[in-house]
Amino acid sequence: MFNTLDDLDPEQRVLVRLDLNSPVEDGEVQDNRRFDRHAETVAELADGGHRVVLMAHQGRPGDDDFVSLEQHADILSGHIGKDVKFVADTYGDEAIEAIESLDAGEVLLLENVRMCDDELPEEDPEVKAETEFVQTLAPHFDAYINDAYSAAHRSHASLVGFALELPAYAGRVMESEYQANSSIATREFDGQVTMVVGGTKATDVIDVMNNLGDKVDQFLLGGIAGELFLRAAGNEVGFDLEGMDFFDDQWEANRETIESLLDERGDQIKLAVDLAYEDETEDRGEIAVANITEKDRPYLDVGSMTVDEYDPIIRDSEAVFVKGALGLFEDERFAVGTVGVLEAISETDCFSVVGGGDTSRAIEMYGMDEDDFGHVSIAGGAYIRALTGAPLAGVEVLKQD
Ligand code: 3PG
Ligand code: MG
């Protein structure tokens, strides 16, 4: 399939692409699971006596979270228990000097690759390989390692260009993410396969249903996407209240598709039977969907009756995939749906993959043990693409015939 670190010759000069893209609050980069995961690959390379140069991105030009990677170097260093040097340059003289002065076992992080003009426009790997960025850096290395599965859906220079110029390998994160996230498309399961689908984007849910409708026995819906399906099923929910901008545009764009999915796959699709809201005393209130005659407040979670219906379906499953949250789990009052399904998974001896945006964050927020899940993905957009069987540019260039 692809070469891994097991295939790497000793004492190489390696150029490694990580995905350290992280939330930034008031200018401060927030530690998260991505550092922890990539630390494994980096530590293995450093301990193996390689000269390790890291590339990563943060934010997008013009956005508040488009910042230097200086803080990322410190955070990563904490995770691997070893100094991570940083140079505020991507491929200029300063960067080359820092690269050339590395000793065996040392680690250096280059500046945010999106600060370099050649990185961003999405173009074919062959075009990216010819950029000045790739052509300048590649000759200083023996091997290119891509560990950034969660960014691999982007055809950017650091993700697709170097693989054409240097012997290319998959890092440990790339390997495990690829295997777990492709398993729904590649593995056969004897028993029931269930997919929990929530989050904010209707098109993600639609894509997953269109592509996996024959593999998945039950789709359990929630979140904003779930409310749109409830609207299509004839309920008085799933539209914007004043000042809201979640539902109506998505409804216009996807109404027909959602209606025909309900028509064709209705017996595979489970919708919430009750919803939760913030009541007059700021507590959690719940209402049966059947009793909603007029949407007069936002719904922020699925209700407990819904969790009671979803729970036994999960416990009867051989495999469960989670894409997106069922409610606003960051607020404890509205975490019942998301935590309910995650707890059912963690208590069941099934194969499971949890991913999609920040959903996996609920696992540590609510004290669950990551080891009780098959795989907790650090990918968002790449995870959705993998679930729907779409190729990832950065993975394709690593593949060996
Ligand atoms: C992510 O954080 O989802 C990946 O790093 C990709 O980032 P991007 O959506 O800005 O390309
Ligand atoms: Mg994420």
Side-chain angles (χ1 to χ4, degrees), residues 16-25 28-39 41-42 54-69 71-73 75-76 79 90 109-125 128 133 145-162 170-174 176-178 180-181 198-201 203-204 207-208 322-325 330 353-362 375-388 390-398:
V16 189
R17 177 57 154 101
L18 307 179
D19 185 1
L20 300 178
N21 195 29
S22 301
V24 178
E25 282 166 27
E28 221 172 286
V29 175
Q30 307 294 301
D31 194 358
N32 65 90
R33 193 180 260 108
R34 285 181 173 173
F35 287 94
D36 197 42
R37 291 287 168 76
H38 286 299
T41 299
V42 177
L54 309 172
M55 295 185 291
H57 75 275
Q58 173 62 53
R60 301 174 187 178
D63 288 357
D64 286 347
D65 65 348
F66 182 61
V67 299
S68 163
L69 296 190
Q71 296 176 61
H72 300 67
I75 299 172
L76 184 63
H79 282 272
T90 45
L109 175 62
L110 302 177
E111 185 53 290
N112 187 345
V113 284
R114 290 188 178 174
M115 291 183 179
C116 144
D117 290 343
D118 288 338
E119 172 69 3
L120 274 181
E122 289 208 81
E123 290 162 316
D124 289 341
K128 286 306 190 190
F133 172 35
I145 297 165
N146 191 353
D147 212 27
Y149 177 88
S150 48
H153 52 306
R154 310 283 185 213
S155 197
H156 295 159
S158 64
L159 293 157
V160 298
F162 292 100
R172 296 302 181 203
V173 175
M174 172 64 78
S176 62
E177 287 274 345
Y178 177 81
N181 301 341
T200 52
K201 266 176 81 183
T203 49
D204 282 352
D207 287 350
V208 166
V322 179
K323 184 241 98 54
E330 291 86 348
V353 184
V354 179
D358 279 342
T359 319
S360 57
R361 218 151 49 82
H375 178 74
V376 178
S377 176
I378 54 170
Y383 178 67
I384 300 298
R385 282 179 178 72
L387 289 181
T388 60
L392 306 179
V395 172
E396 293 307 303
V397 292
L398 294 181

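We count ligands from 1, going down the list as the structure has it; atoms in each ligand are counted the same way. In this chain, residues are counted from 1 in sequence order. These numbers were taken from a predicted model, which means no experiment stands behind them.
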If the contact criterion is a heavy-atom separation under 4.0 Å, does Gly380 count as touching ligand 1?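 No, Gly380 has no heavy atom closer than 4.0 Å to ligand 1.
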If we set the cut-off at 4.0 Å for heavy atoms, which region of Ala382 has an atom near ligand 1: side chain, backbone, both, or neither?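 No part of Ala382 comes within reach of ligand 1.
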Heteroatom distance test (His156, ligand 1): nitrogen or oxygen, under 3.5 angstrom: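 No, since none of the N or O atoms of His156 sits under 3.5 Å from an N or O of ligand 1.
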N/O to N/O below 3.5 Å, does that happen between His57 and ligand 1?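 Yes - when backbone and side-chain N and O of His57 are compared with those of ligand 1, one distance drops under 3.5 Å.
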Nearest non-hydrogen atom to atom 1 (C) of ligand 1 belongs to which of Gln58, Arg34, Arg114, His153?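 Checking each option, the heavy atom nearest atom 1 (C) of ligand 1 is found in Arg34.
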Ligand-residue contact atoms, ligand 1 with [X], heavy atoms, under 4.0 Å:
X	value
Asp19	4 (C), 5 (O)
Ser150	4 (C)
Arg154	8 (P), 9 (O), 11 (O)

Considering only NZ, NE, NH1 and NH2 on the basic side and carboxylate oxygens on the acidic side, decide whether Arg114 and Glu119 come within less than 4.0 Å.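 Looking at Arg114 and Glu119, the cut-off is not met.
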Any ion pair linking Glu177 and Arg34 (charged N to carboxylate O, less than 4.0 Å)?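 The answer is no: the pair does not qualify as a salt bridge.
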Would you find a donor on one side and an acceptor on the other, under 3.5 Å apart, between the side chain of [X] and the backbone of [Y]?
X	Y	answer
Glu111	Leu69	yes
Lys128	Phe162	no
Asp118	Phe133	yes

Test side-chain contact (heavy atoms from CB on, under 4.5 Å) on Leu18 and His72 and set out the steps. CA-CA 11 Å; Leu18 307 179; His72 300 67; over 6 Å; no
